[in-house]
Protein chains: 2
Amino acid sequence: MSNIREVARLAGVSVATVSRTLKSPERVLPETRDKVNAAVEQAGYRPNLMAVQFRSRRTGNLVILVPAIANTFFARVISGAQQAAQAAGYRLLLCDTQGRAQIEREFAALVYAHQADGVIQLRASDPFESMPTGAESLPLVNACEVVKGAPYPTISLDNRAAAQAMTEHLIGLGHRRIGIIKGPRSSPLTLDRVAGYQDALRQAGIAVDPSLICHGDFTLKAGDDGAGAMLELADRPSALFCENDEMAIGALRRIKQMGLRVPEDISLVGFDDIPFAAYCDPPLTTISQPAETFGQKAVEMLIALIEKKPIAERHVVLPFGLTVRGSTAPRARQ
Amino acid sequence: MSNIREVARLAGVSVATVSRTLKSPERVLPETRDKVNAAVEQAGYRPNLMAVQFRSRRTGNLVILVPAIANTFFARVISGAQQAAQAAGYRLLLCDTQGRAQIEREFAALVYAHQADGVIQLRASDPFESMPTGAESLPLVNACEVVKGAPYPTISLDNRAAAQAMTEHLIGLGHRRIGIIKGPRSSPLTLDRVAGYQDALRQAGIAVDPSLICHGDFTLKAGDDGAGAMLELADRPSALFCENDEMAIGALRRIKQMGLRVPEDISLVGFDDIPFAAYCDPPLTTISQPAETFGQKAVEMLIALIEKKPIAERHVVLPFGLTVRGSTAPRARQ
DNA sequence: GTGAAAGCGCTAACAA
DNA sequence: TTGTTAGCGCTTTCAC
């Protein structure tokens with residue numbers, strides 16, 4: 001592989017002229033440009049990005065920390081982020097952290113080590129924590145699940161309002177015993193959703209029953225297990241609210257296995273509106289989120305941060321939608 | 001952020017000694033080492049990876065080109081790859097190419113530009129094609145959907161045998177009219193699966209009926225549409241073979257919408273065994289693949305290539321499994 | 001065991 | 001408009 005000197009020699013110009021021709025052609029005479037371009041062609045020259053970035057102290061790489069790439073919702077977020085990055089001339093370094101802080105730190109360190117220009121974190125946790133001094137001011141954007149009162153920009157959903165709207169939908173159908181399968185204890189997002197669920201219950205004058213709140217981890221199996229536990233209760237709920245669609249789909253299987261029907265015997269709802277939600281039997285009532293927009297906004301804000309451009313709104317809240325399908329129905333007369 | 005000179009000054013040694021302490025501590029006196037380490041600590045020093053890699057001409061980055069990250073099967077492949085990379089001290093740069101050669105080329109160029117050490121391609125296409133001279137010898141491994149007779153290492157499944165086994169399973173249940181929803185024309189993988197399907201039919205003395213072969217693109221919607229078309233045939237099939245689980249799940253919805261039952265009226269099978277397959281109603285009979293192993297093997301082979309270690313087997317074929325669940329049953333008497 | 005010095009490939013200030 | 005030159009931060013001989 002040839003280098004810039006080789007090209008300069010072939011074109012009969014200085015290395016500076018080659019560099020200029022590549023970076024700002026308008027500052028070079030057309031005929032010089034042509035000579036250089038011909039030489040580049042002839043030498044099969046590709047600039048060594050390593051050297052370019054080393055010198056210009058800008059990599060064009062953005063790290064995005066994803067708790068679980070296999071999660072259909074995050075896949076959509078990534079897709080939006082990738083498109084925005086591409087449009088702005090940046091590349092996305094995707095990292096499946098499996099929610100582990102150690103892996104997050106390792107990848108966030110790429111910024112500290114000048115291997116990436118900034119980080120997008122999709123989990124409520126600061127990946128620069130416990131980094132050497134100065135790290136707190138590195139370009140970081142937090143999206144999806146965000147840290148409350150974070151010093152860095154955030155893009156979030158009003159999870160509390162969304163959960164409340166969903167619970168109100170169920171209450172409106174006559175349900176009064178509504179179970180909820182929530183996420184892991186460590187997730188602030190799940191706290192918000194439970195809070196919204198409780199808001200709706202209280203406003204309807206329904207007592208919050210702790211036995212109707214069950215922990216899960218956003219997987220199919222967690223929904224399956226959670227539904228199993230919930231339906232064995234003596235006074236079982238007539239509606240079940242799962243904090244994501246995966247768990248709802250898991251719950252759906254268990255409900256059917258136990259010989260109950262959705263929505264006749266029990267209403268079931270999810271959260272996220274993943275593609276499979278519309279293909280369940282019955283199709284799932286759920287909260288839809290503009291997943292791609294999360295990724296897109298996060299990238300745009302991060303780039304603004306990196307390029308030190310002003311940011312209009314540091315804490316963006318995206319709208320949710322209540323998508324009613326066939327998995328909810330009025331409570332059956334007992 | 002401090003640099004190596006700052007640390008050298010603090011420790012009262014030369015930059016060379018600092019570098020050595022970090023790279024090969026055993027070549028430095030313990031007391032010198034301690035001085036240096038203290039200075040590193042004090043300065044909050046982090047080596048500039050950009051400079052390290054520029055100098056040592058090795059990045060520790062592996063590019064993995066994924067046609068669609070949202071695809072549940074690829075998500076598992078990535079997971080396996082990530083684990084193997086981590087274990088070997090490499091990082092994975094994930095790229096969602098949306099099957100577009102332009103994006104693939106752009107990311108593959110990272111290798112050419114010394115930004116990554118090698119590439120894993122999960123699609124049957126050479127991302128280095130039309131690159132400047134010398135590109136053909138760059139470290140590349142092709143997994144999942146592979147190029148026939150490729151000059152680079154490959155990891156694949158015997159798709160033909162798998163499709164044949166699946167078709168034989170259906171024939172064994174008494175089905176004789178078996179429809180197939182295949183992938184896009186450009187995919188060699190789909191050709192193999194159709195060939196396997198035809199092998200099984202021929203061996204059973206069943207004529208191949210072109211009207212029972214339908215094109216799709218591996219999405220839920222494609223399965224939905226494909227099943228719709230297939231079931232409107234005058235002499236409709238009693239079994240439907242979808243080339244992936246997503247399409248099977250799409251087909252399942254349409255079959256039910258048309259008032260038919262699975263498996264009583266029509267047997268339905270998929271391919272891949274994604275997590276959702278076991279959670280369908282009925283659970284899906286499908287071909288299981290060791291998805292994580294694809295990723296793991298690909299990374300291991302790529303690293304061997306990069307580090308110029310010998311590779312035992314250049315074309316690995318992984319085993320498949322026939323997972324029979326509730327979506328297949330003996331053909332009903334008409 | 002340690003230091004001095006050269007230079008990886010490129011960019012950017014400055015000079016011409 | 002183009003060339004000269006001085007590094008970017010680090011690794012790696014080669015002396016000592």
Side-chain angles (χ1 to χ4, degrees), chain A residues 1-40 43-61 109-117 132 134, chain B residues 1-40 43-61 109-117 132 134:
Chain A
M1 284 184 215
S2 50
N3 61 23
I4 200 170
R5 269 195 297 280
E6 164 87 353
V7 175
R9 197 182 52 72
L10 277 169
V13 299
S14 73
V15 292
T17 299
V18 176
S19 177
R20 263 193 295 263
T21 307
L22 266 34
K23 288 282 172 297
S24 34
E26 72 282 358
R27 300 175 49 78
V28 168
L29 276 187
E31 52 179 316
T32 315
R33 204 153 54 200
D34 291 345
K35 275 195 300 185
V36 171
N37 287 331
V40 164
Y45 171 67
R46 292 263 143 158
N48 181 334
L49 266 196
M50 224 64 225
V52 172
Q53 297 172 359
F54 168 46
R55 201 38 250 243
S56 50
R57 344 205 81 226
R58 179 221 180 251
T59 68
N61 293 337
L110 291 182
V111 175
Y112 212 89
H114 304 273
Q115 174 96 274
D117 299 338
Chain B
M1 283 182 217
S2 49
N3 60 23
I4 199 170
R5 268 194 298 280
E6 164 87 354
V7 175
R9 196 181 53 70
L10 277 170
V13 299
S14 72
V15 293
T17 300
V18 176
S19 178
R20 264 192 294 262
T21 307
L22 266 33
K23 289 286 173 294
S24 34
E26 72 284 358
R27 302 176 47 78
V28 168
L29 276 187
E31 51 178 316
T32 315
R33 203 153 54 201
D34 292 345
K35 275 195 298 184
V36 171
N37 286 331
V40 165
Y45 171 68
R46 293 260 141 159
N48 181 334
L49 266 196
M50 222 65 227
V52 173
Q53 296 173 1
F54 168 46
R55 212 24 259 250
S56 48
R57 347 204 78 219
R58 179 224 180 247
T59 68
N61 293 337
L110 291 182
V111 175
Y112 213 90
H114 304 273
Q115 174 95 276
D117 299 337

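Since the structure is predicted, the reported quantities are computational estimates derived from the model, not experimental observations. Proteins come first, then strands; the chains are lettered A, B, ... in the order of their sequence lines, and each starts at number 1.
The shortest heavy-atom contact between B/L10 and B/A39 is CB-CB, 3.8 Å. Minimum heavy-atom separation, B/Q115 to A/Q53: NE2-NE2, 2.9 Å.
Counting only heavy atoms from C-beta outward, the side chains of B/N48 and B/N3 never approach each other to under 4.5 Å.
Atom P of nucleotide D/dG3 and atom CD1 of A/I4 are separated by 12 Å, given to the nearest angstrom. Atom CZ of A/R27 and atom P of D/dT2 are 11 Å apart (whole Å). Rounded to whole Å, atom C1' of C/dA12 lies 6 Å from atom CZ of A/R55. As a whole-Å value, the separation of B/R5 CZ from C/dA6 P is 15 Å. Regarding B/M50, its CE atom lies at a distance of 12 Å from the C1' atom of C/dC10, rounded to whole Å. Rounded to an integer number of Å, the gap from CZ of B/R20 to P of C/dG1 is 10 Å. Per the geometry, NZ belonging to A/K23 stands 12 Å off C1' belonging to C/dG9, to the nearest Å. Following rounding to the nearest Å, B/N48 (CG) and D/dG7 (P) show an atom-to-atom distance of 18 Å.
Checked against A/V18 for a side chain to side chain contact (heavy atoms under 4.5 Å, CB included), the options A/N37, A/V28, A/T32, A/I4 give a single hit: A/I4.
For A/T17, a side-chain nitrogen or oxygen approaches OP1 or OP2 of D/dG3 to under 4.0 Å. The phosphate of C/dC8 has neither OP1 nor OP2 within less than 4.0 Å of any side-chain N or O from B/S56.
Side-chain atoms of B/F54 lie closest to D/dG9 of the nucleotides D/dC10, C/dG1, D/dG9. Taking only side-chain atoms of A/S14, from C-beta outward, the nucleotide of D/dG3, D/dT5, D/dT2 with the closest atom is D/dG3.
In this structure, B/R58 places its CZ atom where more than 12 heavy-atom neighbours from other residues, nucleotides or ligands lie under 6.0 Å away.
Using a 4.0 Å heavy-atom distance criterion, B/V18 is classed as making no nucleic acid contact. B/S19 comes within 4.0 angstrom of a nucleotide base, judged by non-hydrogen atoms across all strands.
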